[in-house]
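See below for the structure under consideration.
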Number of protein chains: 2
Amino acid sequence: MTSDPARRMTQALRDGGVRVTRQREALLKVLTEAADHPDAAELHRRARALDDSLSLATVYRTLSVLEREGVVLRLPLENGGARYEVADAPHHDHIVDLDSGQITEFRSEKIEQLQREIAAELGFEIVHHRMELYCRKKT
Amino acid sequence: MTSDPARRMTQALRDGGVRVTRQREALLKVLTEAADHPDAAELHRRARALDDSLSLATVYRTLSVLEREGVVLRLPLENGGARYEVADAPHHDHIVDLDSGQITEFRSEKIEQLQREIAAELGFEIVHHRMELYCRKKT
DNA sequence: CTTAGTGCAAATAATTTGCAGGAGG
DNA sequence: CCTCCTGCAAATTATTTGCACTAAG
């Protein structure tokens with residue numbers, strides 16, 4: 001059984017005709033083990049512990065491959081700069097804590113439904129969407 | 001009466017203790033007359049017609065002043081790069097046409113309400129939020 | 001007058017790309 | 001072995017900043 005998520009993902013890549021290299025495995029491991037939402041530089045830092053030679057350029061190249069393969073999700077935030085997460089969980093949106101920078105996930109079927117209705121009314125079909133609530137902890 | 005929106009905005013700036021220069025007036029005029037959502041470079045191009053000496057650096061500096069003063073809204077999109085709009089209309093969100101790049105505005109009180117509820121449940125207070133639907137014209 | 005605002009050019013920050021060598025399948 | 005992948009450094013893109021000068025109030 002492919003119980004290990006990283007293993008399942010490498011398999012998905014191989015099936016997609018993408019080579020699974022040492023550096024890609026390192027990055028996948030770091031991604032699956034990340035509880036937070038790291039940016040490219042942070043992923044690079046962490047993955048280097050597993051593969052010292054890994055370059056930042058490859059991190060970027062790999063992230064875009066993984067995104068294309070549907071294995072990771074890139075979330076570009078307000079300040080420019082993007083954060084990444086594995087695309088295993090069902091779709092969700094994000095709350096960004098303005099003070100700590102921490103990201104909380106949430107999901108609302110109702111909102112998704114409303115979005116679809118609104119787009120349809122205007123003659124559009126949603127390909128994907130983004131929603132971020134920039135918040136502060138309630139006192 | 002301050003019927004002219006550009007005039008009302010310059011007044012708002014003066015009240016805020018911000019100097020209203022020739023280049024700022026040019027930019028404000030271009031902004032208020034823009035039916036679309038131009039980026040900084042495009043605003044520069046258009047405003048140059050009114051003030052030939054206006055530099056791109058000043059466009060950026062002015063845009064961030066105007067944003068701080070609550071006169072314009074900056075909307076950073078997925079590809080990096082931001083678009084701008086005057087902050088006169090009530091809050092709304094955006095539909096981005098993936099094919100043409102054109103932006104359509106919409107507003108849903110229901111969604112806003114749901115967002116507030118969700119944030120509150122998680123112990124947050126929304127400071128501001130962003131929602132973009134990346135769409136394709138329905139066939 | 002006083003100091004915020006400006007143009008210019010150089011500096012950042014995040015990401016991308018050309019090239020020559022290296023390793024997956 | 002034949003490409004796809006990689007590291008490195010240089011290139012891009014969007015934006016910011018230091019400096020000496022100009023102009024708003």
Side-chain angles (χ1 to χ4, degrees), chain A residues 7 9-28 30 37-45 47-69 71-84 101, chain B residues 7 9-30 37-69 71-84 101:
Chain A
R7 192 158 297 261
M9 286 159 74
T10 58
Q11 194 50 53
L13 291 187
R14 256 187 270 266
D15 293 350
V18 177
R19 285 187 188 170
V20 178
T21 63
R22 191 163 26 92
Q23 24 281 83
R24 286 181 180 175
E25 288 187 298
L27 197 50
L28 278 174
V30 167
H37 294 70
D39 62 11
E42 178 60 24
L43 288 168
H44 182 215
R45 237 168 275 127
R48 262 188 161 173
L50 305 176
D51 181 343
D52 190 33
S53 75
L54 179 61
S55 76
L56 182 55
T58 292
V59 170
Y60 278 111
R61 272 187 287 229
T62 300
L63 284 173
S64 79
V65 169
L66 295 181
E67 200 194 3
R68 191 176 321 124
E69 294 297 318
V71 171
V72 307
L73 242 43
R74 167 208 194 77
L75 33 142
L77 299 189
E78 293 224 318
N79 38 237
R83 312 281 214 89
Y84 296 85
Chain B
R7 193 159 295 261
M9 287 158 74
T10 58
Q11 194 50 52
L13 291 186
R14 257 186 269 265
D15 293 350
V18 177
R19 286 185 190 173
V20 178
T21 62
R22 192 165 24 92
Q23 23 280 84
R24 286 182 181 175
E25 288 188 298
L27 197 51
L28 278 174
K29 187 153 197 290
V30 167
H37 294 70
D39 62 11
E42 178 59 23
L43 288 168
H44 183 217
R45 236 168 276 127
R46 296 184 195 175
R48 263 188 159 173
L50 305 176
D51 182 343
D52 189 32
S53 75
L54 179 61
S55 76
L56 182 55
T58 291
V59 170
Y60 277 111
R61 273 187 287 229
T62 300
L63 283 173
S64 79
V65 169
L66 296 181
E67 198 193 4
R68 191 176 322 124
E69 295 296 319
V71 171
V72 307
L73 242 44
R74 166 209 194 77
L75 32 142
L77 299 190
E78 293 223 318
N79 39 235
R83 312 280 213 92
Y84 297 84

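Order of the sequence lines sets the chain letters (A, B, ...), proteins ahead of strands, with each chain counted from 1. Hydrogens, waters and symmetry mates are skipped; everything else that's a heavy atom, side chains included, is used.
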Would you find a donor on one side and an acceptor on the other, under 3.5 Å apart, between the side chain of H44(B) and the backbone of L54(B)? yes
Distance check needed: dG7(C) P versus D51(B) CG, whole Å only. 7 Å
Whole-Å distance separating the CG atom of L77(A) from the P atom of dA13(C): 18 Å
T10(A) and side chain to side chain contact (heavy atoms under 4.5 Å, CB included): which single residue from V18(A), V71(A), L28(A) fits? L28(A)
Separation of dG25(C) atom P from D15(A) atom CG, nearest Å, is 12 Å
Nearest whole Å is fine: how far is dT6(D) P from D52(A) CG? 16 Å
Please check if the side chain of R46(B) supplies one atom and the backbone of V30(B) the other of a donor-acceptor pair under 3.5 Å. no
Within the structure, does a side-chain N or O atom of R24(A) lie under 4.0 Å from either OP1 or OP2 of dG24(C)? no
Just the rounded figure in Å: distance from P of dA14(D) to CZ of R45(B). 10 Å
Approximate separation, where rounding is to 0.5 Å, of L73(B) CG and R83(B) CZ: 14.0 Å
Output yes when at least one side-chain N/O atom of S53(A) is less than 4.0 Å from OP1 or OP2 of dG7(D), else no. yes
Criterion salt bridge (charged side-chain N to carboxylate O under 4.0 Å, His left out) on R22(B) and E25(B), from CA distance to verdict: CA-CA 5 Å; R22(B) 192 165 24 92; E25(B) 288 188 298; over 6 Å; no
Report yes or no: does R24(B) contribute a side-chain atom to a donor-acceptor pair with the main-chain N or O of T62(B) at less than 3.5 Å? no
To the nearest Å, how far apart are L43(B) CG and dA14(D) P? 14 Å
Send over the distance from E25(B) CD to dT6(C) P, rounded to a whole Å. 11 Å
Across nucleotides 15-25 of chain D, 5' to 3', mark each nucleotide with B, S or - according to how protein heavy atoms within less than 4.0 Å reach it. BBBB----BBS
Separation of L63(A) atom CG from dA14(C) atom P, in whole Å? 15 Å
